[in-house]
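What follows is a single structure, written as structure tokens, with notes after it.
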Number of protein chains: 2
Amino acid sequence: MILSAFNVNLIGFFGARASTVTKATDKKRTLKALAETLELSVTTVSRALGGYSDVAPGTRARVLEAAANADYVPNSAAKMLVTGRSGFVGFMLPLRETAVLDPFLGEYIAGLSSGLSERGRDLFMATVPANQSELTVLQHVVESGRADAIVLTRVAEHDERVEYLIRRGIPFVTHGRTLSEQTDYSWIDTDGYKAFADIFTWLYAMGHRRFGLMSITEPMTFRTHREEGFRDAMQAQGDADTSLVVKHVPRFDTEARVPAVRAMLALENRPTAVLSLTDELALCVLTQAADMGIAVPEQLTVIGFDNIPAADYATPGLTTFDQSIRHAARQMSTMLLDMLDGHTNTTQTLIMPSLVKRGTHAPGPMAAVATVTSPHNQDALSTEPTNYEAASDQSVG
Amino acid sequence: MILSAFNVNLIGFFGARASTVTKATDKKRTLKALAETLELSVTTVSRALGGYSDVAPGTRARVLEAAANADYVPNSAAKMLVTGRSGFVGFMLPLRETAVLDPFLGEYIAGLSSGLSERGRDLFMATVPANQSELTVLQHVVESGRADAIVLTRVAEHDERVEYLIRRGIPFVTHGRTLSEQTDYSWIDTDGYKAFADIFTWLYAMGHRRFGLMSITEPMTFRTHREEGFRDAMQAQGDADTSLVVKHVPRFDTEARVPAVRAMLALENRPTAVLSLTDELALCVLTQAADMGIAVPEQLTVIGFDNIPAADYATPGLTTFDQSIRHAARQMSTMLLDMLDGHTNTTQTLIMPSLVKRGTHAPGPMAAVATVTSPHNQDALSTEPTNYEAASDQSVG
DNA sequence: TATAGTTTCCGAAACGTTTCGGATGGCATC
DNA sequence: GATGCCATCCGAAACGTTTCGGAAACTATA
């Protein structure tokens, strides 16, 4: 059982306490107005507020007080216009209007905003209208100057958004990476290759030989990595008696996955362990297995990926890899802010997900043999799930 | 069983297809530059692009073509500055950095953005830094002109953010409403009063007499409405043998709720039906009941609220009210856009949630009596869960 | 041929901020 | 008393757009 890694803090939950909000002065609160009341020039007021050294301490104090009294807030448009920076980080919303909800959207936003708020930046969400492509919207956001930097998710193997941003020289970070030759950009990703290699070793040691893999049809890089990780580990094992059946279904199509899962479970030589690229798929396997009278985990081991909340509430609880999207998103935001603050080096971070062991795994048919011959059991996956703080974020770039 | 109400549409999922992105001309793409190449005035170019009638068709065509060729995108800061509108709708992120994730955040964003994208507006997310109050941030967002309108969630019974926005005359919509005397603003809310009144009637008709209510400590309006709805219905029934035990726990504190739930279930005259203000609470009841050896639904009926994804995966599936946050969020966005487009009338919308009947409800001790004496069974809650399209959104304002 | 009306275009101001390049005055130094 | 050096302040330009109030040229009307 894994517990929620985040504490609850209700202090200040209901917004601010008393504060001076109303200022009867309904004059336009601009620098000019401030300057006039203070009988100073606009320049001086601006520089006083901006913390420049060439303004007398007394004057600065007067300005600061007057600004506070008048509830002065600088007009962001004017500031943007003259500085050329918006202060926004742009987030491309990964959904079409009719599309199913990305289960991670909330996690992304929460993680990003927690990082951004610490350095006074805000998040700007670009929505993609039905008649426009995502690239077009991205272009508009960038060219119009509404965002200084971009966060990209759902990166595909070949992603023209990435290519555009590189060509354009805009700071950006992606969650997931492309498979293109263009590799010199900042990303953060889960080490799906190693995770799936490890899970093979672990399951093999537990006596499993016939494997099923519920994968997705979309050409996402993480799909390739995870499939390869498993295949490579299987080949490295060199046991001719191991087998792997892979099925591909559209990632967000809740209907189409059912027949694929059932076909997998109805194979004459049914796998004893089925891995899934997402928890949604794994939960579907669970449901269908129950429906077909297959006992989990006695007759079938099911492994998911993502550790979505529902994984914990399923019966039995789904054994799955935990990748904290929020953690990754938070890290993305700091990477981006570092880039914006002049540290222009690109950083590429791989995070090793931890296996959360619940109730959907059990020894396979070769269990007796395995415990004797294979020492891998201890190596591949530690019994204690590592938590995020301790997780090894190995830097690659 | 309720099915996902949203279709899957993968067309165009991977971003745009080929498009002209690179323009070798690295000149600044401004109106002035455009005007110079076209040998026209800035005014004319602007008006041609803006669709004004006082520009000759031929000229307009030339301008449009040149603009497209140069990948011209108007600078949004300049536009904001002169028009005084940002084109953004502001969303106050309902979380503190250490706070637990609002389970609806993703739904909110998805719903809002789907509505906004249709009318070319973007979403701006205001994050609240640790050292600032939510009201301060809201003020800054409004005064700096970064948002033309505001979406507020998690509205409390008395909410100074609402008061501020009313006083300031900024268009805004809330999800949930206040209990203050200030009522002339636009909101959308779930009819928790009626829902809880109905559920009492339904459960009573099923033979339940002893009720438990897991409520929250936070002074949110929906808490009051739901509690009152249930109490009023119970009083209206006028049966002296009915009883109600209410417990309040912090809404997002996953630890604190456990002892409260256990205390409720350990009562000497344990309720036969426990209602919860949120699904998280209801799922906790389920878990603890299992732990204490109480059979659900045979010995205990559990009713949730919200219909979060995990509710469907629990065993048995949680019977709960479905309120589509996404649906509400989408409607909020259109309400806001209507206000921004000049239709300044405030609209207040109550949505009746539908009960999703899964496996955690069963007849109570008085079942035999009930089926004979009470006709309410048919009235209170229809057997078929209404879907959103058919749901009656009754306008109140 | 004047006159009025229409079509098409443009100059210039305005939005509110930042910042460059001085300007002013006071003070110490030679 | 001239010189240089600070400390403190300010004028004006610039950012890129929209829009008001014409202006010019052409067409239709008297």
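Lettering follows sequence order; numbering is per chain, from 1. Quantities reported herein were computed from a predicted structural model and do not represent experimental measurements.
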5′-ward residue of the pair B:Ala78/B:Thr59 relative to DNA chain C: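 Here B:Thr59 is the residue nearer the 5' end.
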5'-most by nearest nucleotide on DNA chain C - A:Ala77 or B:Arg60: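 Closer to the 5' end of DNA chain C: B:Arg60.
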Short side-chain N/O contact to C:dC10 OP1/OP2 from B:Thr43, under 4.0 Å: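 No, no such contact exists.
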For atom [atom1] of [X] and atom [atom2] of [N], their distance in whole Å:
X       : N      : atom1 : atom2 : result
B:Asp54 : C:dG5  : CG    : P     : 19 Å
B:Leu34 : C:dC9  : CG    : C1'   : 17 Å
B:Leu31 : C:dC10 : CG    : P     : 13 Å
B:Glu36 : C:dC10 : CD    : C1'   : 15 Å

Touch class at under 4.0 angstrom, heavy-atom based, for A:Thr30 against every strand present: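 Since only primed, P, OP1 and OP2 atoms lie under 4.0 Å of A:Thr30, the category is sugar-phosphate.
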B:Arg146 versus B:Ser144, side-chain donor and acceptor atoms under 3.5 Å: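 Present: a donor and an acceptor within the cut-off.
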Of B:Leu81 and B:Thr44, the one whose closest DNA chain D nucleotide lies more 5':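 Whichever sits nearer the 5' end wins; that is B:Leu81.
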Crowding at CG, B:Asp184 (>12 non-hydrogen neighbours, <6.0 Å):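 Incorrect, the count does not exceed 12.
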Range on DNA chain D touched by chain B, heavy atoms, distance below 4.0 Å: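 Contact boundaries, 5' end first: D:dG16 to D:dC20.
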Ring centres under 6.0 angstrom apart (B:Phe104, B:His175):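 So the answer is no for these two rings.
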Whether A:Tyr185 and A:Phe172 hold their rings parallel, tilted or perpendicular, with breakpoints at 30° and 60°: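 A:Tyr185 vs A:Phe172 ring planes: parallel.
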Residue pair B:Asn75 / A:Leu81, side-chain heavy-atom distance below 4.5 Å: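 With C-beta onward as the side chain, the pair touches.
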B:Met332 side, atom CE; B:Phe91 side, atom CZ - distance, nearest 0.5 Å: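 Atom-to-atom, B:Met332:CE and B:Phe91:CZ are 7.0 Å apart.
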